[in-house]
Colleague: 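What follows is a structure written as structure tokens; I'll ask about it next.
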Number of protein chains: 2
Amino acid sequence: MTGVSQATVSLVLNGRADSDVRIAPETRDRVLEAIRSTGYVADPIARRLAARRNRILGVFTYEPVFPAGTGDFFHPFLVGIEEGAESLGCDLLLFTSASVVDGRRRIFHEDNRLRLADGCVLLGRSLDRDDLARLVAEEQPFVSVGRRDDAGGPVPYVGADYPVATVAIVERAVAVGHRTLAYVGQGDHPVGPAPQTGLDGQDRPAAPESHADRERGFRAAVAAVGATGIREPVEDRSPADLLDSLLARGVTVAFMEEYADGSAIASVARERGLDIPRDLSIVALGDPTRPAPSDVDFTMFRIPRRQMGWQAVEVLTRLIEGTPGPTQILLDCEQVEGTTLAPPR
Amino acid sequence: MTGVSQATVSLVLNGRADSDVRIAPETRDRVLEAIRSTGYVADPIARRLAARRNRILGVFTYEPVFPAGTGDFFHPFLVGIEEGAESLGCDLLLFTSASVVDGRRRIFHEDNRLRLADGCVLLGRSLDRDDLARLVAEEQPFVSVGRRDDAGGPVPYVGADYPVATVAIVERAVAVGHRTLAYVGQGDHPVGPAPQTGLDGQDRPAAPESHADRERGFRAAVAAVGATGIREPVEDRSPADLLDSLLARGVTVAFMEEYADGSAIASVARERGLDIPRDLSIVALGDPTRPAPSDVDFTMFRIPRRQMGWQAVEVLTRLIEGTPGPTQILLDCEQVEGTTLAPPR
DNA sequence: CGCCCTTGATAATTCGTATTAGCGTATTGA
DNA sequence: TCAATACGCTAATACGAATTATCAAGGGCG
């Protein structure tokens, strides 16, 4: 149309005006006009092949991105990720094609398509360590939402500062007079990343970092004030059983790793005519990750999920572009006053 | 590593075993072994450039994909789309980069990236007609979730059969004795796709197809049985005002285009000591698209949203691959008995 | 007139894969 | 006896843009 070469069109299209690339203004205008009138759009695929950027950010989740029936713990993260991508002019690629093995998606599999994206955001309570190690080893740009232990190298992440938030909330409990505190959560893992072997001799995965971080904060805070810290596992126990155990051991405040477990205990306690928080204070260490009734105004802290998603995208683009800056970020949680923490009787 | 050409690797990689492509089993094994040991994965981008498929399906929404508010009318569609994509081994590309003009995203804009995907699913209550027309004209493979009028050609869609569902529910009302029925919805559009001019002389967009279809069903059913059909617009009116008007006009059953408006009227009616459905039956024509209290067990029908999403992906892949089959599909809605429809006094 | 520099554009190459037309020999069928 | 075909593989090319080396024309200078 303009009697101009493909190279010239490319130069015009990209607004190149370096010292070593010159386009006569008149030619530029002719090309621009042709582009406008034909509605020509450069093929992004070919573009990516030639250049190295795609402006596509991958989102990998171990569960479906659009959960079918949950109380949407992950939703706010995704909102933040979308906001971040939108403000950067990036599209989001959901790896729904990742094949499912043993009930979870796998990042790496025959014909993995990670490289469709410039980089990748990883979402999930616990990430597969082998997958992580491989990402690190292959120098794929990626960011984890949620802190992760090293996997053959430092893992870039944007997480919530559970230790600090937990310490703060434990201190509140101690300040109002509690001396016997319980941490109620999955398993009874010593702190640390290494996989463990259970009594049955089978390998048991380490606690997810998010759980370990809470427990570490709990132990540190309890130790610092010289109070009594008790550990109660939740697996295979009814809320009633748990409640019995807590009361029998003289616990006056329970810190719930999982909000939903707190709801369950509160509900049982109320059925028995117990007074929450007079007879037992209950504190939730974060937002519910499972659907839970919201009729109780828990004393708790909130995970800054949206902000985490947003910042993850920020870190990712830094990694992609090689811009300097922190690649491991912990964000503060918001303390919620609530009504389930009061001085013990 | 194997002393074999790139072409051979490609053939092995794709498991080509046509009559005109032969690879010695031994060579094949050597190549496969090399692939396994190096962890080589073909670059999907280059792949796409050479072949014509990408196994990426685009998802375009006029609003954020992950809505900030809850209530989430669109969520089930996305669940269905994800399920469909997953079962087909496709990834989903969210066009979050689409720039926002006048509060909505635009499909076409400078540097649009539609072609990153093999095809595209469109989601939104009302789609921009110019965008649609252009998609049709450019022969971009796409599917709309929700029926759409022609836009310079037939628009592929997977929609809900609102006319049939509405007719059925109107007939239920007539069967129990109602003779004065009201359709309560936005505006007062004559049926038809053409844009209209309001009293103020300004262009007013046509009713979205989903609304027009309901109203058409309503009118047809009312006419068929010789009952009285009344039209009540909702804009700029309080629920109290609406309720007054309905009762004053002798309406015994109101068909609500929008669930949330039904909730509002029911709530006002209850405050006044009225009996729903004795004093006024209220029927919701579909699931809530805005957050609405769910304390009322409405007589209504449900939009098969998840199934629509799923089938949209099916139709889209048919279009992409040129497989014959219907490209305009209407799915049945599920009638819900509910408790807000009863014989009039 | 010869030389160099500036200007504006292009031919050629690159990215990593898929595809296709052959390569030369040995076997088969007519 | 000869054409056709099976055999396993590779060279060459296409895909659509970005990039680079290069070129031709024109102007200024000694």
Side-chain angles (χ1 to χ4, degrees), chain A residues 1-35 38-56 91 97 110-118 138-141 320-321, chain B residues 1-35 38-56 91 110-118 138-140 320-321:
Chain A
M1 286 182 61
T2 57
V4 142
S5 74
Q6 176 260 320
T8 304
V9 174
S10 174
L11 294 175
V12 169
L13 207 56
N14 298 330
R16 292 277 302 268
D18 312 5
S19 55
D20 45 21
V21 167
R22 273 177 297 259
I23 306 282
E26 171 213 336
T27 306
R28 179 184 301 273
D29 290 344
R30 273 204 341 267
V31 173
L32 285 176
E33 176 49 32
I35 289 175
T38 58
Y40 167 83
V41 179
D43 182 339
I45 292 286
R47 218 163 188 173
R48 151 68 193 244
L49 191 61
R52 294 269 163 203
R53 281 305 140 60
N54 219 354
R55 285 175 38 215
I56 292 182
D91 294 320
S97 71
E110 174 207 15
D111 184 37
N112 88 65
R113 298 157 47 86
L114 274 194
R115 288 151 78 198
L116 279 169
D118 295 337
E138 294 187 358
E139 300 188 6
Q140 264 276 348
I320 292 171
E321 288 170 7
Chain B
M1 285 182 63
T2 57
V4 141
S5 75
Q6 175 263 319
T8 304
V9 174
S10 175
L11 295 175
V12 170
L13 207 55
N14 298 331
R16 292 277 304 267
D18 313 6
S19 55
D20 47 20
V21 166
R22 272 180 297 262
I23 306 283
E26 171 212 336
T27 306
R28 180 182 300 273
D29 289 344
R30 266 193 1 255
V31 172
L32 285 175
E33 176 50 32
I35 289 175
T38 58
Y40 168 83
V41 179
D43 182 340
I45 292 285
R47 217 158 189 179
R48 150 70 193 238
L49 190 61
R52 293 266 164 208
R53 280 308 137 61
N54 217 353
R55 287 175 34 216
I56 291 182
D91 294 319
E110 175 206 15
D111 184 37
N112 87 64
R113 300 158 46 87
L114 275 193
R115 289 152 76 199
L116 280 169
D118 295 338
E138 293 188 359
E139 300 187 9
Q140 264 275 346
I320 292 170
E321 286 170 9

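Lettering of chains follows the sequences in order, A, B, ..., and the numbering in each one begins at 1.
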Colleague: Can you check the B:Ile45 CD1 to D:dG16 P distance for me, whole Å?
Modeller: 14 Å
Colleague: Look at the side chain of B:Gln6 against the base of C:dA18 and say whether a donor-acceptor pair falls under 3.5 Å; ignore hydrogens and angles.
Modeller: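 Between C:dA18 and B:Gln6, which were checked side chain against base, a qualifying N/O pair under 3.5 Å is present.
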Colleague: With the side chain of B:Arg22 defined as its heavy atoms from C-beta on, choose the nearest nucleotide among C:dG8, D:dA6, C:dG16.
Modeller: D:dA6
Colleague: Please report, rounded to the nearest Å, how far the C1' atom of C:dT17 is from the CG atom of A:Leu116.
Modeller: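 Checked: the CG to C1' distance equals 13 Å.
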Colleague: Would you tell me if any nitrogen or oxygen in the side chain of B:Thr8 comes within less than 4.0 Å of OP1 or OP2 on D:dT10?
Modeller: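 Yes, such a contact exists.
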Colleague: Rounded to the nearest angstrom, tell me the gap between atom CG in A:Asp118 and atom P in C:dC15.
Modeller: 18 Å
Colleague: Verify the contact: side-chain N or O of B:Arg48 to OP1 or OP2 of D:dG16, cut-off strictly under 4.0 Å; return yes or no.
Modeller: no
Colleague: Please state how far atom CG in A:Asn14 lies from atom C1' in D:dT19, giving the value in whole angstrom units.
Modeller: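 Nearest whole value for this atom pair: 10 Å.
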Colleague: Report which part of the nucleic acid A:Val21 touches: base, sugar-phosphate, or nothing (heavy-atom distance under 4.0 Å, all strands).
Modeller: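 Touches nothing.
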Colleague: Over all strands shown, is A:Val9 touching base, sugar-phosphate only, or nothing at heavy-atom distances under 4.0 angstrom?
Modeller: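 Nothing, no nucleic acid heavy atom in range.
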Colleague: B:Arg48 versus B:Asp118: any side-chain heavy-atom pair under 4.5 Å?
Modeller: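 Side chain of B:Arg48 against side chain of B:Asp118, heavy atoms only: contact under 4.5 Å found.
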Colleague: Check the distance between D:dA14's C1' and B:Arg47's CZ and give it to me in whole angstrom.
Modeller: 17 Å
Colleague: Taking the side chain as C-beta and beyond, is there a heavy-atom pair between B:Leu116 and A:Arg55 under 4.5 Å?
Modeller: no
Colleague: OP1 or OP2 of D:dA17 sitting under 4.0 Å from any side-chain N/O of A:Tyr40?
Modeller: yes
Colleague: Let me know the distance between CZ of A:Arg28 and P of C:dT10, rounded to the nearest Å.
Modeller: 14 Å
Colleague: Do you know the tightest heavy-atom contact between A:Ile45 and B:Leu49?
Modeller: CG2-N, 4.0 Å
Colleague: Rounded to the nearest angstrom, tell me the gap between atom CG in A:Leu11 and atom C1' in D:dG16.
Modeller: 15 Å
Colleague: Between D:dT19, C:dG16, C:dT17, which nucleotide gets closest to the side-chain atoms of A:Ser10?
Modeller: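 Closest nucleotide among those given: D:dT19.
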Colleague: Using a heavy-atom cut-off of under 4.0 Å over every strand shown, decide if B:Ala7 touches base, sugar-phosphate, or nothing.
Modeller: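 Base: the residue B:Ala7, judged by heavy atoms under 4.0 Å, touches a nucleobase.
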Colleague: State, to 0.1 Å, how close A:Leu13 and A:Ala42 come at their nearest heavy-atom pair, and which atoms those are.
Modeller: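 That closest heavy-atom pairing would be CD2-CB, 3.8 Å.
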Colleague: If you find the nucleotide of DNA chain D closest to B:Ala46 and the one closest to B:Ile23, which residue's nucleotide is nearer the 5' end?
Modeller: B:Ile23
Colleague: Just wondering, do B:Thr8 and B:Ile23 contact through their side chains at under 4.5 Å, heavy atoms?
Modeller: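 A side-chain contact under 4.5 Å exists here.
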Colleague: Starting at CG of B:Leu49 and ending at P of D:dT13, how long is that distance when rounded to a whole Å?
Modeller: 17 Å
